[in-house]
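First up is the structure itself, then whatever we jot down about it.
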Amino acid sequence: MTILVTGARGNIARALVRKLLEAGHDVRAAGRDPGRARLPTGVEVVAADLARPESWDAALAGVTKAFLYAGTAGLDGFLSRASGLAQVVVLSALGADPASADAITRAHGEAEQAVRDSGLPWTFLRPGGFAANRLVWADSVRAGVVRDPFPESHSALIHEADIAAVAVRALTSSGHLGAAYSLTGPESLTVRQQASVLGEVTGRPVRVETQDLDDYRRELTATFEARGLGRVGSAEVVEARIRRLAALVDRPQATTETALAVTGRPARGFAEWAADHAGDFTR
Ligand SMILES: NC(=O)c1ccc[n+]([C@@H]2O[C@H](COP(=O)([O-])OP(=O)(O)OC[C@H]3O[C@@H](n4cnc5c(N)ncnc54)[C@H](OP(=O)(O)O)[C@@H]3O)[C@@H](O)[C@H]2O)c1
C-alpha cells in the first residue's frame with residue numbers, strides 16, 4: 001500500500017513522511033519542487049502541482065491513500081484523477097465552512113465540499129494556527145525584537161508533529177472515514193508570551209514592539225504571495241487574518257483535545273515546539 005503525501009516541502013508533509021516511514025509504510029511524496037523537499041533519503045519524491053492537473057497522473061499511479069494540501073486552486077483536476085483511492089486525508093482549517101464570511105475558512109469549506117462531492121472516502125484535518133508560522137520570526141528573535149501589530153492577541157498554536165500524528169492515525173487505522181478533526185495546541189498564549197518562550201529557549205530575551213498595521217499588511221501579503229496561495233486572492237486572506245488577530249486580543253482561543261483523543265498522546269505545547277526548533281532561531 002503506497003501512501004501519497006502532497007505538499008512535500010511543507011512542514012506537516014515532512015513530519016508526516018518521516019512518521020509513515022518509521023512505521024514501515026511505503027510513501028511517495030509529491031511537491032512542486034522535489035529538489036527542495038529536504039526529505040529523508042530513500043523517499044520517492046515526484047513533481048506534481050495542483051496548477052498542472054496532468055502532473056498527478058504519475059504521482060497517483062499505484063497509490064491507495066493520499067494526504068492532500070487543499071488550500072490552493074486546481075483541486076478538481078486532482079480529484080478527477082484520484083477516483084480509485086480508498087481514502088483522502090485533507091489538510092483543511094479550523095472552522096472550515098463554505099458559507100463563512102471569512103475568506104480563509106470559506107476557501108477550506110469549499111475545498112472540503114469539492115472532496116465530498118467527488119465521492120472519495122475522506123477524513124478532514126482542521127488545524128488552527130501552526131506553531132511553524134513563528135518561523136518567520138527567526139531573524140527578529142536573533143535580533144532580540146519581534147514586531148507585531150497585536151502583541152496581546154492569543155493563539156493556541158499547534159505543533160506540526162501533532163497534525164502529522166493525527167494524519168498517521170487517520171491513514172493507517174480504521175474508524176476515521178467521514179470524520180472532521182478540529183485540532184489546536186493545548187494552551188492559548190499571547191504573541192508576547194510566545195516571544196518570551198522563544199527568548200527562554202534561545203537564552204536571549206526577546207522584546208515585542210507594536211508594529212504599524214500597514215507594515216504588517218505588506219509583510220503578510222509578501223509571505224502569502226511567496227507561498228503561492230492561489231485559491232483566494234491574497235488581499236482577502238490578509239484582511240481575514242488581520243480581523244482574526246484583532247478579535248483575539250486579550251481573548252484566549254478555545255482549545256480542543258482532539259489530538260489526544262485520536263493519537264492517545266496530549267498535543268505538544270508551544271515550549272516543546274520552540275525547543276524542537278531552537279536551531280532555527282539561533283543559527
Ligand atoms: N499556517 C497556518 O496557520 C494554517 C492553519 C490552518 C490551515 N492551514 C492550511 O494548511 C495549508 C498549508 O499551509 P501553510 O502554507 O501555512 O503551510 P506550509 O507548511 O508552508 O505548506 C505549504 C504547502 O502547500 C503546498 N502547495 C502550495 N501550492 C501548491 C500547488 N499549486 N500544488 C501543490 N502543492 C501546493 C506546497 O507544496 P510544495 O511547495 O512542496 O509543492 C507547500 O508544501 C494551507 O492550505 C493553509 O490554508 C494553515
Side-chain angles (χ1 to χ4, degrees), residues 4-17 28-39 43 45-56 59-60 66-79 81-82 89-97 100 102-112 114-115 124-137 153 155-164 166-167 180-185 194 220 223-232 234 236-238 240-241 244-245 248 253 256 270 273 277 280:
L4 177 70
V5 177
T6 76
R9 241 189 313 166
N11 294 300
I12 297 157
R14 283 189 289 121
L16 175 58
V17 165
R28 179 181 301 155
R32 288 170 298 173
D33 188 350
R36 291 176 56 194
R38 293 187 292 135
L39 290 168
V43 180
V45 191
V46 298
D49 186 339
L50 288 168
R52 292 187 299 109
E54 68 286 355
S55 63
W56 294 99
L60 282 162
F67 175 82
L68 179 67
Y69 275 72
T72 51
L75 188 54
D76 292 344
F78 172 89
L79 293 172
R81 288 166 168 80
V89 174
V90 179
L91 178 61
S92 180
L94 197 64
D97 176 0
S100 174
D102 176 300
I104 302 170
T105 46
R106 188 172 64 247
H108 283 289
E110 288 169 357
E112 289 186 357
V115 173
F124 297 149
L125 307 191
R126 294 177 174 167
F130 300 165
N133 293 347
R134 293 304 180 225
L135 290 170
V136 298
W137 284 356
S153 181
S155 46
L157 300 178
I158 183 162
H159 196 309
E160 60 276 5
D162 288 319
I163 305 174
V166 172
Y181 294 129
S182 297
L183 305 166
T184 71
Q194 291 161 15
L220 200 56
T223 304
F224 284 164
E225 280 170 1
R227 281 188 197 166
L229 285 165
R231 200 174 173 87
V232 255
S234 58
E236 208 186 348
V237 173
V238 166
R241 174 73 71 91
R244 283 179 186 193
L245 297 176
L248 287 166
Q253 183 184 6
T256 73
F270 187 71
W273 180 86
H277 289 273
D280 293 314

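Counting starts at 1 for both ligands and their atoms, following the listed order.
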Proximity flag Ser92 to ligand 1, non-hydrogen atoms under 4.0 Å: yes
Euclidean distance, Phe67 CZ relative to Leu125 CG, rounded to 0.5 Å: 6.0 Å
Geometric class of the Phe270/Trp273 ring pair [parallel <30°, tilted 30-60°, perpendicular >60°]: parallel
Ala107 heavy atom under 4.0 Å from ligand 1: no
Those atoms of ligand 1 less than 4.0 Å from some heavy atom in Pro127: 6 (C)
Distance-minimising heavy-atom pair for Ala48 and Ser55: CA-OG, 3.5 Å
contact_flag Asn133 ligand 1 heavy-atom lt 4.0 Å: yes
Short N or O distance, Gly129 and ligand 1, threshold 3.5 Å exclusive: no
Closest candidate by heavy atom, reference atom 47 (O) of ligand 1, pool His108, Arg241, Arg126: His108
Any Ala8 heavy atom less than 4.0 Å from ligand 1: yes
Any N or O of Phe130 closer than 3.5 Å to N or O of ligand 1: yes
Validation row: Phe130, Ile158 side chains within 4.5 angstrom (heavy atoms): yes
For atom 30 (C) of ligand 1, the option (of Leu75, Asp49, Asn11) bearing the nearest heavy atom: Asp49
Side chain, backbone, both or neither: the part of Tyr69 lying under 4.0 Å from ligand 1 by heavy atom: side chain
Ligand-residue contact atoms, ligand 1 with Gly128, heavy atoms, under 4.0 Å: 5 (C), 6 (C)
Arg14: side-chain contact (heavy atoms from CB on, under 4.5 Å) partners, not counting sequence neighbours: Asn11, Arg18, Arg38, Leu39
Part of Ala13 with heavy atoms under 4.0 Å of ligand 1, whether side chain, backbone, both or neither: neither
Aromatic ring pairing Trp56/Phe78, orientation class (parallel under 30°, perpendicular over 60°, tilted between): perpendicular
Backbone or side-chain N or O of Gly7 under 3.5 Å from ligand 1 N or O: yes
Numbered atoms of ligand 1 (with element) below 4.0 Å of Ala93, judged on heavy atoms: 6 (C), 7 (C)
Those residues that, when tested against Arg241, pass salt bridge (charged side-chain N to carboxylate O under 4.0 Å, His left out) (two or more places apart): none
Minimum non-hydrogen distance to atom 11 (C) of ligand 1, winning option of Asp33, Val5, Leu91, Ile158: Leu91
Backbone of Gly77 reached by a side-chain donor or acceptor of Arg81 within 3.5 Å: yes
Minimal non-hydrogen separation, Thr184 against Ala156, with atom names: CB-O, 3.8 Å
Ser155 versus Gln253, closest heavy-atom pair with distance: CA-OE1, 3.4 Å
Subset of ligand 1 atoms that lie under 4.0 Å from at least one heavy atom of Gly31: 40 (O), 41 (O)
